[in-house]
Amino acid sequence: MNNQNTRQQQRVCTIFFVYLFINNNYKQPETDLNLLSRTSGALAVLTAAVLLPLSACGGGGGHADDTAAPPPSVATPPSLAPAVGAALQGSCESLGGYTYANTRITAATTVAAGTLTVAGRDVAAHCLVTGAMNTRVGPIDGQTYAIGFEMRLPLAWNGRFLYQGNGGTDGAVATAVGAVGSGGPLTHALHQGFAVVSSDAGHNAAQNPLFGLDPQARIDYGYGAVLALTPMAKSLIKAAYGKGPDRSYAGGTSNGGRHALVAGTRLPQEYDGILASTPGFNLPRAAAAQLYTAQQLRRVATDENDLGTAFSMAERQVLAQAILQRCDALDGVADGLVQDVEGCRSAFDIRQHVPVCSGARDGSCLSAAQIDALANLYRGPVNGQGQALYATQAFDPGLVGSNWASWKFVSSVGNARDPVAVGIIFQVPPDATVATRSRQFAFDFNFDTDFARLSATDATYTESAMSFMVPPGMTQLDALRDRGAKVLVVQGVADGVFSSDDTRNWYEALTQAYRGDARGEAASFARFFLVPGMNHSRGGIATDQFDALSALVDWVERGVAPERIVAAARGAGNAGGVNTELPSDWSPTRTRPLCPYPAVARYSGQGDSEQAENFVCR
């Protein structure tokens, strides 16, 4: 009888510890509500089964009267120690003999201090190493492809490595300085002592955009270059300094911000901090949304070969003023900025709050057709069934910025950006003729039939654009969080190409996925900062000058979470370069706090409203 009781107790104990495992470790996928319901029911049954006889699960040889052992504690992510610097060992030129699989070094030269500058300050002496990886001949177009790169290694190194993601359709090795986000930067990673790598993502300028005909070049552009360069760059750092990097970061702006997120999601064990500025993580859909924008603008343009005639500067100012009248003071002060983006959604309605022309367009109003086109543009593309194919866009007065206008009026139909990206790089099969008929391709793009090609594959192109471009597992970042890594995302509300609403939707989904997680909710390892008025990456009517990289380093290495990042307007005399589009009634040294979403920068009611110190994030 005692043996029977013991076996029964053992079965109860087994059930109890299965319950603990499920309760502590099960993470609900966002999309499977039925599974959540079934799991919740199972947990309830298990709870009822174990509550009464829990005392039988103690230690001490299985005796029922022993004290029950406490549930296992939940480990918290580790704190990462600060990086420790080192000096370059030997000569820079000796790194010309560095060897790594499938890698050819073309030069290693010392760059004297002051050769590069940032905001009028000298960048210290460093070693410039250039080379190429994975040289091959494409089987379809016969082109010779390689991942071209340069790496800049400070003679006095701070122990950190930065993978610099570059923008657009790549194709050029941008100078590896690590200027990752912000208009008119006052510093950058190289200036701060990082070792920085930059690449062309697997194709050169002459191959752009027709590299989209080559399946491997597509993948290198999407994620292959990140995967190849990361271990090589770390090995080169070890060869240069006698040790690998203590802390590794990935950062970039626009497509470069997407590259940074790719590094974090595909190589989570290799990176301690991710800085994604204006990240185009949904780039294929965002590019297709630009074609929808072109179609809406065409409806009201007086010249379809100049989409700027759809909305003149005066007409954009009419819309901007209407937004400001309804939303500017929601943050406590009327200052030409809409900080309360979410509050503005309910306060402003383009169909109700914009003056409608009673006659011809004269720059003081918008026609009914213009208002309808803008309403569609800000809603985003839909198919014939009314299903949303991308995200909405937030109304922001920064739409008067020239960068916003360039993306909407030029890039949406030009042969350097969105049409060629969709038609040649992203869709399956690619169509090389889009390079010479980009405008008509944009106008004719069918969102019922053509949009599906972004997710298509065939025998030649076995990976779709939505696979090779979108960072995987964007709401499942356990591997980053559990090793103490951090993610910092920054984006302008008046971005003319990548919707800040799309980024907000991602962050809200991430927040939901980690809600109540004992190892850390989303805000403990990932934060999202909106920049009101800022256009794509910089510019607009905004305080667009900030140092998010230092904020990320402080968070990763010192445990100082960014509760605000101070951003400045680039008025007259700004060392990083003047933003000539700023209103004349702004202080040239205006500052504002950038607040972690969903907090809003609100005026405290006291002190100079031109200064960030008089605003609170709440």
Side-chain angles (χ1 to χ4, degrees), residues 183 293 296-297 300-301 307-357 361-380 392-410 412 491-497 499-501 530-544 567 569-571 579-587 590 592 600-601 609:
T293 291
Q296 297 304 310
L297 295 174
V300 293
L307 293 185
T309 62
F311 297 99
S312 67
M313 171 59 88
E315 290 168 329
R316 283 157 47 212
Q317 289 172 335
V318 167
L319 177 56
Q321 285 303 311
I323 297 168
L324 287 169
Q325 287 172 8
R326 300 290 302 182
C327 303
D328 189 355
L330 294 177
D331 52 31
V333 63
D335 58 357
L337 289 170
V338 176
Q339 300 282 354
D340 192 349
V341 178
E342 298 306 313
C344 191
R345 293 184 199 279
S346 56
F348 175 76
D349 185 334
I350 191 171
R351 297 190 186 277
Q352 295 182 26
H353 301 131
V354 177
V356 182
C357 298
R361 290 167 50 180
D362 63 3
S364 66
C365 54
L366 297 181
S367 71
Q370 284 179 302
I371 290 174
D372 186 65
L374 281 168
N376 290 342
L377 187 157
Y378 276 87
R379 178 203 61 200
T392 57
Q393 298 181 49
F395 284 101
D396 185 283
L399 64 93
V400 299
S402 59
N403 179 273
W404 185 94
S406 177
W407 279 102
K408 296 302 185 190
F409 303 148
V410 179
S412 64
Q491 186 167 8
V493 181
D495 191 323
V497 57
S499 165
S500 62
D501 283 359
L530 285 166
V531 188
M534 189 173 81
N535 289 179
H536 184 66
S537 306
R538 61 187 65 84
I541 314 305
T543 54
D544 72 333
R570 293 184 287 124
N579 178 0
T580 59
E581 297 180 333
L582 294 178
S584 59
D585 60 351
W586 282 25
S587 164
R590 170 182 283 194
R592 288 290 183 271
V600 172
S609 63

Without hydrogens or angle criteria, can the side chains of Ser500 and Asp495 be said to hold a donor-acceptor pair below 3.5 Å? no
Rounded distance (nearest 0.5 Å) linking atom [atom1] of [X] with atom [atom2] of [Y]:
X	Y	atom1	atom2	answer
Ser367	Asp362	OG	CG	11.0 Å
Arg592	Ser609	CZ	OG	6.0 Å
Glu342	Asp340	CD	CG	7.5 Å
Ile541	Leu337	CD1	CG	9.0 Å
Thr293	Leu374	OG1	CG	10.0 Å
Ser537	Gln491	OG	CD	8.5 Å

Tell me the closest heavy-atom pair linking [X] and [Y], and the distance in Å.
X	Y	result
Val400	Ala320	CG1-CB, 3.7 Å
Arg351	Asn376	NH2-OD1, 4.4 Å
Leu399	Ala494	N-CB, 4.2 Å
Ile323	Asp396	CD1-N, 3.7 Å
Thr543	Ala567	O-CB, 3.3 Å
Gly533	Val493	N-CB, 4.3 Å

Quick one: does any side-chain atom of [X] pair with a main-chain N or O of [Y] as donor and acceptor, under 3.5 Å?
X	Y	result
Gln370	Ala310	yes
Asp544	Arg538	no
Trp586	Ala542	no
Ser499	Thr392	yes
Glu581	Ser402	yes
Asn535	Gly496	no

Between Asp335 and Arg590, does the side chain to side chain contact (heavy atoms under 4.5 Å, CB included) criterion hold? Intermediate values first, please. CA-CA 10 Å; Asp335 58 357; Arg590 170 182 283 194; 3.7 Å; yes
| How far apart are the C-alpha atoms of Leu324 and Gln321, what are their side-chain angles, what is the distance that settles it, and do they pass the side chain to side chain contact (heavy atoms under 4.5 Å, CB included) test? | CA-CA 5 Å; Leu324 287 169; Gln321 285 303 311; 3.8 Å; yes
| Hey, are the side chains of Lys408 and Phe311 touching, using non-hydrogen atoms and a 4.5 Å cut-off? |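 When only atoms from C-beta onward are counted, Phe311 and Lys408 do not touch, as no gap falls below 4.5 Å.
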For this session: Using a strict 4.0 Å threshold on nitrogen-to-oxygen distance, state whether Arg345 and Asp501 make a salt bridge.
Result: yes
- [ ] Assign the ring pair Tyr378 / Phe395 to parallel, tilted or perpendicular, where the plane angle (0 to 90°) is split at 30° and 60°.
- [x]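 Tyr378 and Phe395: parallel rings.
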